[in-house]
S.K.: 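Sharing a structure with you now.
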Amino acid sequence: MALTKDDKAKLGSEDFDYVAKLVRDKSAIVLEPEKLYLVEARLVPVARREGFDSISELVAKVRGISGGPLREMVVEAMTTNETSFFRDITPFQALKEQVLPELIESRSDKKKLNLWCAASSTGQEPYSIAMTLKDGFPELADWDITFYATDLSLEVLNRGKEGFYSQLEVNRGLPAPMLVKNFTKEGTEWRVKEDLRNMIDFRQLNLIGNWPPMPRFDIVFVRNVLIYFDVDVKRGILENMRQTMASDAFLFLGSAETTLNIAEEFTRVKYDRGSCYRLVA
Ligand SMILES: C[S@@+](CC[C@H](N)C(=O)[O-])C[C@H]1O[C@@H](n2cnc3c(N)ncnc32)[C@H](O)[C@@H]1O
């Protein structure tokens, strides 16, 4: 009997369990059984793009191979890449009003700053940080600034690196003066200007994998990704973060994330607008 359109987009429970385990092993993202509909919806475009007749055919192929791009595509398809410019605004206010003035003073001898935006998705977050530095602190122009933006997904990293955004995307959170100053219109899209693109080094990094040697960071943003992980994974990542950070560094988490009861070596510091985490002395 021929498969109907609905059948082609359905996954058996054994296949779901396989995909959930694969995704957990490779990314630490936890997919509970009630996420079946989400898994199915995200596998449909992968199956279509890769020429499979149904998502169960796609999973059968993935189950038969070890590694390879198809497995990575399935894992990447399960990542949630929701982001926007200046998302939740207060971290960027704290960055501008407290964190950067403090670091500019404490690092004035070496004139060096190291920043990391982990789980940077399609780039709106690292570009928001870069614009805060560039537009708000012209005195940083002659500083040596290292800025990594990393993510598990190569697809979103490539989008960030290219720096093209739709009108809809720039309408979400990007103030008009910053758009005019830092972007050029190319066809129907807006492209980040080269000087801003050159500030950021986009690299693939799996937060649960082995981290390459990195500089000691002064500022770390790792927002809206720990929520997908269980407590032990969060603890491991925060411990690794601690080891990459300077003793007086600043850590920004998402508004639904905390180090409380997970990583006691961090303490929350509240500012007039926004808050961040710092290492306990
Ligand atoms: C919801 S987005 C958050 C984007 C941005 N930080 C923000 O707050 O707007 C979550 C990002 O985490 C990435 N991600 C998921 N698991 C990851 C892992 N194990 N290692 C690195 N990045 C991961 C996803 O690819 C996705 O781009």
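Whatever order the structure lists them in is the order used to number ligands and atoms, beginning at 1.
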S.K.: Distance only, no hydrogens: is a donor on one side chain within 3.5 Å (strictly under) of an acceptor on the other, for N182 and D135?
M.R.: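 Side-chain D/A pair, N182 to D135: present.
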S.K.: For N81, take its heavy atoms, then give the atoms of ligand 1 lying under 4.0 Å from any of them.
M.R.: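 Within the 4.0 Å cut-off of N81, ligand 1 contributes 24 (C), 25 (O), 26 (C), 27 (O).
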S.K.: For the residue pair P212 and L205, what are the closest heavy atoms and their distance?
M.R.: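 Nearest heavy atoms, P212 then L205: CD-CD1, 3.5 Å.
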S.K.: Applying a 4.0 Å heavy-atom criterion (strictly less than), which segment of E125 is in contact with ligand 1: side chain, backbone, both, or neither?
M.R.: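 It is the side chain that touches ligand 1; the backbone stays farther off.
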S.K.: Report, in ascending order of atom number, the atoms of ligand 1 lying under 4.0 Å from any heavy atom of S121.
M.R.: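 The list of qualifying atoms is 4 (C), 27 (O).
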S.K.: Which residues pass the side chain to side chain contact (heavy atoms under 4.5 Å, CB included) test with E102, sequence neighbours left out?
M.R.: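 E102: side chain to side chain contact (heavy atoms under 4.5 Å, CB included) contacts with F250, R278.
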S.K.: So if I apply the ring pair (Phe, Tyr, Trp, His ring centres under 6.0 Å) rule between W116 and each of F202, W211, Y148, F221, which one comes out positive?
M.R.: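 By the ring pair (Phe, Tyr, Trp, His ring centres under 6.0 Å) criterion, W116 pairs with just one of F202, W211, Y148, F221: W211.
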S.K.: What do you reckon, does A28 put a non-hydrogen atom under 4.0 Å from ligand 1?
M.R.: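 Heavy atoms of A28 never come under 4.0 Å of ligand 1.
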S.K.: Just distances here: any N/O of R87 and N/O of ligand 1 closer than 3.5 Å?
M.R.: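 Right, the criterion is met.
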S.K.: So that I know where these two stand, are F85 and Y165 an aromatic pair - ring centroids less than 6.0 Å apart?
M.R.: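 Yes: the rings meet the under 6.0 Å criterion.
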S.K.: To which of T83, V225, I227, V156 does the heavy atom nearest atom 15 (C) of ligand 1 belong?
M.R.: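 Minimum heavy-atom distance to atom 15 (C) of ligand 1 goes to V225.
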S.K.: Suppose we measure from atom 23 (C) of ligand 1 to each protein heavy atom; which comes out shortest, and what is that distance?
M.R.: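 The protein heavy atom lying closest is L152 CB, 3.6 Å.
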S.K.: What pairs of residues pass the side chain to side chain donor-acceptor pair (under 3.5 Å) test when at least one of them lies in residues 24-37, not counting sequence neighbours?
M.R.: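 Listed by first then second residue: K21-D25, R24-D230.
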S.K.: Taking the minimum heavy-atom distance to atom 11 (C) of ligand 1, which of N206, D151, T79, L226 ranks first?
M.R.: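 Comparing heavy atoms across N206, D151, T79, L226, the nearest one to atom 11 (C) of ligand 1 lies in D151.
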S.K.: What is the nearest protein non-hydrogen atom to atom 8 (O) of ligand 1, stated with its residue, atom name and distance?
M.R.: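 For atom 8 (O) of ligand 1, the nearest protein heavy atom is N224 ND2, 2.7 Å.
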S.K.: Regarding R42 and T80, do their side chains bring together a donor and an acceptor under 3.5 Å, going by distance alone?
M.R.: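 Judged by distance alone, the side chains do pair up.
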S.K.: Is it the case that T122 and Q124 place a side-chain donor and acceptor less than 3.5 Å from each other?
M.R.: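 Indeed, the side chains of T122 and Q124 share at least one donor-acceptor pair under 3.5 Å.
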S.K.: Could you tell me whether S84 and ligand 1 have an N or O pair separated by under 3.5 Å?
M.R.: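 Between S84 and ligand 1, no N or O pair is found under 3.5 Å apart.
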S.K.: Is it true that the side chains of E162 and N158 contain a donor and an acceptor less than 3.5 Å apart?
M.R.: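 No - no donor-acceptor pair under 3.5 Å links their side chains.
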S.K.: Which ligand 1 atoms, with their elements, are less than 4.0 angstrom from a heavy-atom of A119?
M.R.: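 Result: 3 (C), 4 (C), 5 (C), 6 (N), 11 (C), 12 (O).
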S.K.: Closest by any non-hydrogen atom to atom 16 (N) of ligand 1: pick that one out of V23, L253, I29.
M.R.: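 Going through V23, L253, I29 one by one, I29 has the nearest heavy atom to atom 16 (N) of ligand 1.
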S.K.: Any idea which atoms of ligand 1 are less than 4.0 Å away from a heavy-atom of L205?
M.R.: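 By the 4.0 Å cutoff, the relevant atoms are 20 (N), 21 (C).
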S.K.: Evaluating non-hydrogen atoms only, which member of V222, L207, T80 is closest to atom 10 (C) of ligand 1?
M.R.: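 Among V222, L207, T80, the closest heavy atom to atom 10 (C) of ligand 1 comes from T80.
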